[in-house]
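Read the numbers this way: they start at 1 and go in the same order the structure lists the ligands and their atoms.
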Amino acid sequence: MKTKTSKTTTRAVQCSAVLAVGGLLITACGSSGGSGSGQSATTSFEGRGPITYVAGKDTTGTVQPTIDRWNTLHPKEKVTFIQLPTDADAQRQQMIQNAETKSDAYTVLSLDVVWTSEFAAHQWIDKLPEQRFPLSRMLKPVVETAKYRGGLYAAPASSDGGMLYYRTDLLKKAGIGGPPTTWAQMKADCAKVKKLPEAKGMSCYAGQLQKYEGLTVNFSEAVNSAGGTVTDANGRPDVDTPAAKNGLDFLVGSVKDGTIPKEAITYQEEDGRQAFQSGKLVFLRNWPYAYALAAKSGIAGTYAVAPLPGLDAPGSSSLGGHNMAVSSYARNKATALDFITFMTSQDTTATFLKDASLAPPYASLYDDPRLIKQYPYLPVLKQSILHAVPRPRVVQYGDVTSAVQQEAYAALTGTKTSAQALKDLQQDLQKCTAQ
Ligand code: GLC
């Protein structure tokens, strides 16, 4: 399922006017039917009865059992789980279609953290009553992803930070003391590991390089991990720089020299996870969810995670995650609010952590000794989330990500040089964020 909205086939992006809000530049050019005012009226959240919960495909197998628990306790307010494709862009497209037709088929939406501004500005989701959620106990950057113009439009459900998965057994056998902190070290480690007979046929590294949201994440991480930025502290594009080029060149050069195998240019999260689990990769960039699944696979006990490597020092992750919002066109909003409260509670998110290694929004869970015993990387992940770099918080996020994907992909596939791709991207992004 690869149909996508906002995918431009030329370099033209559709952004125009902008508003500067809270230091971030926010595009105000509504693309399709929304008022763009962002001033949604207070919702009364009335009505009880059956609702739906709409999210990307649950690759962890833990969501339906949690919904079943809710359904047993609330037989008159049952939740039906609607699973969308795993591809973030495809999820966004289906949710937007539902909103544009003002359909009541979707009640509670699991929104990627990067869609909050767009959905709130178009009034596709309701502003939530803040006091319903223990936001002060949650990690601050995570709460920020759920806000638009100071209002809370979604409840933080899970966070995400990119991590470097690596094969502890192979590194040890090759005489390597610990995970690499730089890209050069990672390449050198691979060269050593690949000399081992048990590493025959293995490739070095993969992330998510298919042309979809994952590429925006991996491109941004490469740029940030080389000391560059996609947008500066004021939200202005600043990607046509030597530092950003170093970042993009890491990805482009790695595809060229085989560090990243050719097929990895088609990988989303699940493809890379499967390649790593089946022993095809020494290193993998992925989100925390892959940790618990790998523990049930053939490589159980032979892998660990570390911070992402960078150019001269450890790199930085993009801030990922999902928040739960109420569709403006839904019925039974009192039930929806209760269900969101249940799904985003400390207890439920702790269960998602224990059973599926999903990164919780609650700060204290990262410091819990029992949880750290199960997931030793939790303190590192907490720091990685606290220092993660958010993707641009813009209403026209679809156009921004589309431009990034197009230019990064052109460089990866050799259609453009890195320098040209960054120059073109800078121009495209300026259209989305010019004053
Ligand atoms: C994960 C992240 C999300 C990101 C997506 C990209 O689901 O939580 O923020 O956009 O991956 O594929």
Checklist entry - Do Glu213 and Arg92 meet the salt-bridge criterion of a basic N to acidic O distance under 4.0 Å? => result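 Salt bridge: no.
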Checklist entry - Sub-3.5 Å donor-acceptor pair from the side chain of Asp232 to the main-chain atoms of Asn234, do we have one? => result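 Confirmed, Asp232 side chain pairs with Asn234 backbone.
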Next on the checklist: Against Asp89, only a single residue in Gln405, Lys211, Gln94 fulfils side-chain contact (heavy atoms from CB on, under 4.5 Å); can you say which?
Outcome noted: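 Single side-chain contact (heavy atoms from CB on, under 4.5 Å) partner of Asp89 among Gln405, Lys211, Gln94: Gln405.
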Checklist entry - Taking only heavy atoms of Gly320, which atoms of ligand 1 are found under 4.0 Å from at least one of them? => result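 Near Gly320, the atoms of ligand 1 are 8 (O), 9 (O).
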Checklist entry - Backbone or side chain, does any N or O of Ala88 fall under 3.5 Å from an N or O of ligand 1? => result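 So ligand 1 has no N or O lying under 3.5 Å from an N or O of Ala88.
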Item to check | Sequence neighbours excluded - salt bridge (Lys or Arg N to Asp or Glu O under 4.0 Å) pairs with any residue from residues 340-362 | outcome: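 Every candidate salt bridge (Lys or Arg N to Asp or Glu O under 4.0 Å) pair involving residues 340-362 fails, so no pair, neighbours aside, qualifies.
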Checklist entry - Which heavy atom of the protein is the closest neighbour of atom 1 (C) of ligand 1, given with residue, atom name and distance? => result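 I find the closest protein heavy atom is Trp287 NE1, 3.4 Å.
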Next on the checklist: Which label fits Phe283 and Tyr166: parallel for a plane angle under 30°, tilted from 30 to 60°, or perpendicular past 60°?
Outcome noted: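 Ring orientation, 0 to 90° scale: tilted.
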Checklist entry - In ligand 1, which numbered atoms sit nearer than 4.0 Å to a non-hydrogen atom of Gly214? => result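 The atoms of ligand 1 under 4.0 Å from a heavy atom of Gly214 are 6 (C), 12 (O).
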Checklist entry - Do the side-chain N and O atoms of Arg370 and Gln374 include a donor-acceptor pair separated by under 3.5 angstrom? => result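 Note: Arg370 and Gln374 side chains miss the donor-acceptor criterion.
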Next on the checklist: Looking at ligand 1, is there an atom of it that comes within less than 4.0 Å of some heavy atom belonging to Glu213?
Outcome noted: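 Right, Glu213 reaches ligand 1.
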Next on the checklist: So for ligand 1, is Arg391 a polar contact partner (N or O within less than 3.5 Å, distance only)?
Outcome noted: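 Yes - when backbone and side-chain N and O of Arg391 are compared with those of ligand 1, one distance drops under 3.5 Å.
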Checklist entry - Hey, what's the ring geometry for Phe342 with Trp70, parallel, tilted or perpendicular (30° and 60° as the breaks)? => result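 The arrangement is tilted - the two ring planes meet at 30° to 60°.
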Checklist entry - How far is atom 7 (O) of ligand 1 from its nearest protein heavy atom, and which residue and atom name does that atom have? => result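 Its nearest protein heavy-atom neighbour is His322 CE1, 3.2 Å.
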Next on the checklist: Taking 4.0 angstrom as the limit and counting only heavy atoms of Glu269, give me the atoms of ligand 1 inside it, by number and element.
Outcome noted: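 Per the distance check, 5 (C), 6 (C), 11 (O), 12 (O).
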Checklist entry - Which residue owns the protein heavy atom closest to atom 2 (C) of ligand 1, what's the atom, and how far is it? => result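 Protein heavy atom at minimum distance: Asp160 OD2, 3.3 Å.
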Next on the checklist: Please determine whether any non-hydrogen atom of Val114 lies less than 4.0 Å from an atom of ligand 1.
Outcome noted: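 Val114 does not count as a contact of ligand 1 under the 4.0 Å cut-off.
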Checklist entry - Nearest to atom 4 (C) of ligand 1, what protein heavy atom do you find, and at what distance? => result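 Ranking protein heavy atoms by distance from atom 4 (C) of ligand 1, first comes Asp112 OD2, 3.2 Å.
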Checklist entry - Quick one: which of Leu353, Val63, Thr60 gives a side-chain contact (heavy atoms from CB on, under 4.5 Å) with Leu358? => result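 Per the side-chain contact (heavy atoms from CB on, under 4.5 Å) rule, the option paired with Leu358 is Thr60, out of Leu353, Val63, Thr60.
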